[in-house]
Engineer: 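Provided herewith is a single structure, encoded as structure tokens, for subsequent inquiry.
These figures come from a predicted structure and were not determined experimentally. The residues of the chain are indexed from 1 along the displayed sequence.
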Amino acid sequence: MAILGALNPMLTVGLDAASDSAWRLDAYVKRGGYAALKKILAEKTPPEQVTAEVKKSFLRGRGGAGFPTGLKWSFMPKAYAGDKYVVCNSDEGEPGTFKDRDLLLFNPHSVIEGMIIAGYAMGAGCGYNYIHGEVWAVYTRFEEALAEAAAAGLLGKNILGSGFDFQLFAHHGYGAYICGEETALLESIEGKKGQPRYKPPFPASFGLYGKPTTINNTETFAAVPFIINMGGDAYLETGKPNNGGTKLFSVSGHVNKPGNYEVPLGTPFSTLLEMAGGMRGGRQLKACIPGGSSAPVLPGTIMMDCTMDYDSIAKAGSMLGSGAVIVMDETTCMVKALERLSYFYYEESCGQCTPCREGTNWMYRIISRIEHAQGRPDDLDLLTSMTPNIMGRTICALGDAAAMPVQSFVKHFRDEFAYHIENKKCLVPPDVQRAGSGFFKATV
């Protein structure tokens, strides 16, 4: 897997899979680690000033929604005298996503430092990192890093003699995709079934154990120390207006060098594709999902005109999401690809909401029969009419995540679906599909 160390030393400098020690505390300190925390504690920086710096950076949540991080921190009640929590969402379970596990494997202290600073800024004395249940090595690595930080006086009571207390725990999940939804994650930490909560109340007022809680993504916390060291304005200038800083993109599919690449937000997609070695076998770009499997797919012709930032991708009709870029060439059967994605969301629906529980099953069965030469003339209109009756009608966004790929695949590649229905076979000949090894076999 290719990993590019780029502009943000708190994220990817030192991320070398061949190195056994780059993740350790002493290596992190040598490249500037914990300098931001030490500066804040030594200078007794007012907590609201730390939040203000994050606001200036226009760091947007790196987990998918892209909500401004500093603004989210400001929702935490300042006058609240009881316990408050900071939670890291490392439940990276969506197809195409694999950046957070590398951060935790190769640079865990950047996440730890970011969470401690967040706790200081929001007056929270405890944090949890919820780690996806199917990556045990990541969990054990993070536990080792926590032990190093505690032994160095960077965690626990009276950190570095400052009077500030902060404890941090790793929590191992159980592989349920639904626990990537922040309130289902909180339920899981509490030992309950991982199902989303109704909102309001929102976590900032009623979160973990009923206390005020802020949840951010792994990459979001990892960027915080860099913002404090560099300054919010400089961090913003690294990216583009409304899109501060750099971003890790997990590039997979039909490229020569799949892996994680850190680039400034606003980088042209064509540049990112070139960094990933270009299209495998010199083939043509057919389609791309720019933000993980829940984001709407875009045809290659549209994608090549995009820059990799929240606003450009949204304008094109998709989402930057977590930054999981799934690349498909002309050997890809779009019906088969959508069938596989739809099965994933059908399997991962928690079943709490009827539109999602029934809708994901129904969509999968329709797409599956199209793929298996049993499609009906009205199937495409049926799928098109179903998606608006799922989106926005569920407690969490899993219904939207399941419906948006269906809506976009049919919209942009309707002719290919219609060919399947009318001719009982794929528009892409079997020998061509074999030449490309199939889309899903080529993903990371």
Engineer: Tell me if a side-chain donor or acceptor on Lys286 pairs with a main-chain N or O of Thr332 at a distance below 3.5 Å.
Structural biologist: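 Side chain of Lys286 to backbone of Thr332: a pair is present.
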Engineer: Quick check: closest heavy atoms across Ser312 and Asp309, and the distance to 0.1 Å?
Structural biologist: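 In this case the closest contact between Ser312 and Asp309 is N-OD1, 2.8 Å.
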Engineer: Out of the candidates Leu71, Thr69, Asn242, only one should pair with Arg60 under the side chain to side chain contact (heavy atoms under 4.5 Å, CB included) rule; please name it.
Structural biologist: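 For Arg60, the side chain to side chain contact (heavy atoms under 4.5 Å, CB included) test succeeds with only one of Leu71, Thr69, Asn242, which is Asn242.
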Engineer: Between Thr213 and Lys211, is there a donor-acceptor pair closer than 3.5 Å when you use the side chain of the first and the backbone of the second?
Structural biologist: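 Yes, Thr213 side chain to Lys211 backbone: donor-acceptor pair under 3.5 Å.
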Engineer: Is there a side chain to side chain contact (heavy atoms under 4.5 Å, CB included) between Phe75 and Thr214 once you walk through the steps?
Structural biologist: CA-CA 8 Å; Phe75 294 157; Thr214 292; over 6 Å; no
Engineer: So, does Thr220 use its side chain to make a donor-acceptor pair with the main chain of Arg62 at under 3.5 Å?
Structural biologist: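 Judged by distance alone, yes, a pair lies under 3.5 Å.
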Engineer: As an exercise, state the distance from NZ of Lys315 to SG of Cys306, rounded to the nearest 0.5 Å.
Structural biologist: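 Here the interatomic distance stands at 10.0 Å.
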Engineer: Is there a salt bridge (charged side-chain N to carboxylate O under 4.0 Å, His left out) between Asp379 and Arg369? Walk through the geometry before answering.
Structural biologist: CA-CA 10 Å; Asp379 277 348; Arg369 74 180 180 221; 2.6 Å; yes
Engineer: Holding to side chain to side chain contact (heavy atoms under 4.5 Å, CB included), I want the full list of residues that pass it with Ser270, two or more places apart in sequence or in another chain.
Structural biologist: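 Per chain and number, Ser270 pairs via side chain to side chain contact (heavy atoms under 4.5 Å, CB included) with Pro268, Met304.
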Engineer: Under 6.0 Å from the NZ atom of Lys56, do we count more than 12 heavy atoms belonging to anything else shown?
Structural biologist: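 Enclosed: over 12 neighbouring heavy atoms sit under 6.0 Å from NZ of Lys56.
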Engineer: Using residues 359-366 as the side-chain source, report each donor-acceptor pair under 3.5 Å to any protein atom, sequence neighbours left out, with the distance given to one decimal.
Structural biologist:
residue : atom : partner : partner atom : Å
Thr360  : OG1  : Cys356  : O            : 2.6
Asn361  : OD1  : Arg365  : NE           : 3.2

Engineer: Ignoring hydrogens and angles, tell me if any N or O in the side chain of Arg141 forms a donor-acceptor pair with the backbone of Leu105 under 3.5 Å.
Structural biologist: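 Looks like yes, one N/O pair under 3.5 Å.
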Engineer: When you measure from the side chain of Arg283 to the backbone N and O of Met328, does any donor-acceptor pair fall under 3.5 Å?
Structural biologist: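 It does not hold such a pair.
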Engineer: According to ring-ring contact (aromatic ring centres under 6.0 Å, His included), does anything in residues 126-149 pair up with another residue at least two apart or in another chain? List the pairs.
Structural biologist: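 Only Tyr128-Phe169, Tyr130-His171, Trp136-Tyr139, Trp136-His172, Tyr139-His172 qualify under ring-ring contact (aromatic ring centres under 6.0 Å, His included).
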Engineer: Counting heavy atoms not belonging to Gln284, are there more than 12 under 6.0 Å from its CD?
Structural biologist: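 Open: at most 12 neighbouring heavy atoms sit under 6.0 Å from CD of Gln284.
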Engineer: Between Thr387 and Ala403, is there a donor-acceptor pair closer than 3.5 Å when you use the side chain of the first and the backbone of the second?
Structural biologist: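 Not confirmed, Thr387 side chain does not pair with Ala403 backbone.
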Engineer: Side chain of Asp100, backbone of Ser90: donor and acceptor closer than 3.5 Å?
Structural biologist: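 Here the side-chain-to-backbone pair does not exist.
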Engineer: More than 12 heavy atoms of other residues, nucleotides or ligands under 6.0 Å from NZ of Lys425: yes or no?
Structural biologist: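 Counting other residues, nucleotides and ligands, NZ of Lys425 stays at 12 neighbours or fewer.
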Engineer: Output yes when a side-chain donor or acceptor of Asn216 lies under 3.5 Å from a complementary backbone atom of Gly61, and no otherwise.
Structural biologist: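 No.
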Engineer: May I ask you to check whether Tyr177 and Phe344 place their ring centers less than 6.0 Å from one another?
Structural biologist: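 For Tyr177 and Phe344, the ring centres are under 6.0 Å apart.
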Engineer: Looking only at side chains, do Glu181 and Thr183 share a donor and an acceptor under 3.5 Å apart?
Structural biologist: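 Yes, because at least one side-chain N or O of Glu181 sits under 3.5 Å from a partner of the opposite role on Thr183.
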Engineer: Where do Pro405 and Ser408 come nearest, in terms of heavy atoms and distance?
Structural biologist: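 Minimum heavy-atom contact is O-OG, 3.1 Å.
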Engineer: Work out which heavy atom in Pro355 is nearest to a heavy atom in Ile390; give both atom names and the distance.
Structural biologist: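 Closest approach of Pro355 to Ile390, heavy atoms only: O-CG1, 3.8 Å.
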Engineer: Would you give me the side-chain donor-acceptor pairs under 3.5 Å for residues 289-300, sequence neighbours excluded?
Structural biologist:
residue : atom : partner : partner atom : Å
Ser293  : OG   : Tyr345  : OH           : 2.6
Ser294  : OG   : Glu94   : OE1          : 3.2
Ser294  : OG   : Glu94   : OE2          : 3.0

Engineer: Do you know which two heavy atoms are closest between Pro225 and Ile117, and how far apart they sit?
Structural biologist: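 Closest approach of Pro225 to Ile117: CA-CD1, 4.2 Å.
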Engineer: Does the Glu53 side chain pair with the main chain of Ile227, one donor and one acceptor, at a distance under 3.5 Å?
Structural biologist: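 A pair under 3.5 Å: no.
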Engineer: If the condition is side chain to side chain contact (heavy atoms under 4.5 Å, CB included), which residues does Arg24 pass it with, not counting sequence neighbours?
Structural biologist: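 Checked Arg24 against side chain to side chain contact (heavy atoms under 4.5 Å, CB included); matches are Asp26, Glu144, Glu148.
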Engineer: Against Ser368, only a single residue in Glu339, Arg340, Gln374 fulfils side chain to side chain donor-acceptor pair (under 3.5 Å); can you say which?
Structural biologist: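 The option that passes is Glu339.
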Engineer: So with a 6.0 Å cut-off around CZ of Phe67, is the heavy-atom count from everything else above 12?
Structural biologist: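 More than 12 heavy atoms, drawn from other residues, nucleotides or ligands, come within 6.0 Å of this atom.
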Engineer: Any chance CD of Glu190 has more than 12 other-residue heavy atoms, nucleotides or ligands included, within less than 6.0 Å?
Structural biologist: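 Yes, CD of Glu190 has more than 12 neighbouring heavy atoms, counting only those of other groups under 6.0 Å.
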Engineer: How about Lys199: does its NZ atom have over 12 heavy atoms from other parts shown lying under 6.0 Å from it?
Structural biologist: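 Yes, the 6.0 Å shell around NZ holds more than 12 heavy atoms from other groups.
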Engineer: Using the side chain to side chain donor-acceptor pair (under 3.5 Å) criterion, which residues pair with Lys72? Sequence neighbours excluded.
Structural biologist: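 For Lys72 there are no side chain to side chain donor-acceptor pair (under 3.5 Å) partners, ignoring immediate neighbours.
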Engineer: Are more than 12 heavy atoms from other residues, nucleotides or ligands located less than 6.0 Å from atom OH of Tyr343?
Structural biologist: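 No - once you tally the heavy atoms of other residues, nucleotides and ligands closer than 6.0 Å, there are 12 at most.
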Engineer: So, does Lys99 use its side chain to make a donor-acceptor pair with the main chain of Thr218 at under 3.5 Å?
Structural biologist: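 No, because the side chain of Lys99 does not come within donor-acceptor range (under 3.5 Å) of the backbone of Thr218.
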Engineer: With the side chain counted from C-beta on, respond yes when Leu338 and Phe413 share a heavy-atom pair under 4.5 Å apart, and no when they do not.
Structural biologist: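 A side-chain contact under 4.5 Å is absent here.
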Engineer: Does CZ in Arg414 sit with more than 12 non-hydrogen atoms of other residues, nucleotides or ligands closer than 6.0 Å?
Structural biologist: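 Counting neighbours around CZ of Arg414, more than 12 heavy atoms of other residues, nucleotides or ligands fall under 6.0 Å, so yes.
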Engineer: Identify the residue among Val410, Leu341, Val406 that makes a side chain to side chain contact (heavy atoms under 4.5 Å, CB included) with Ile367.
Structural biologist: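 Of the listed residues Val410, Leu341, Val406, the side chain to side chain contact (heavy atoms under 4.5 Å, CB included) partner of Ile367 is Val406.
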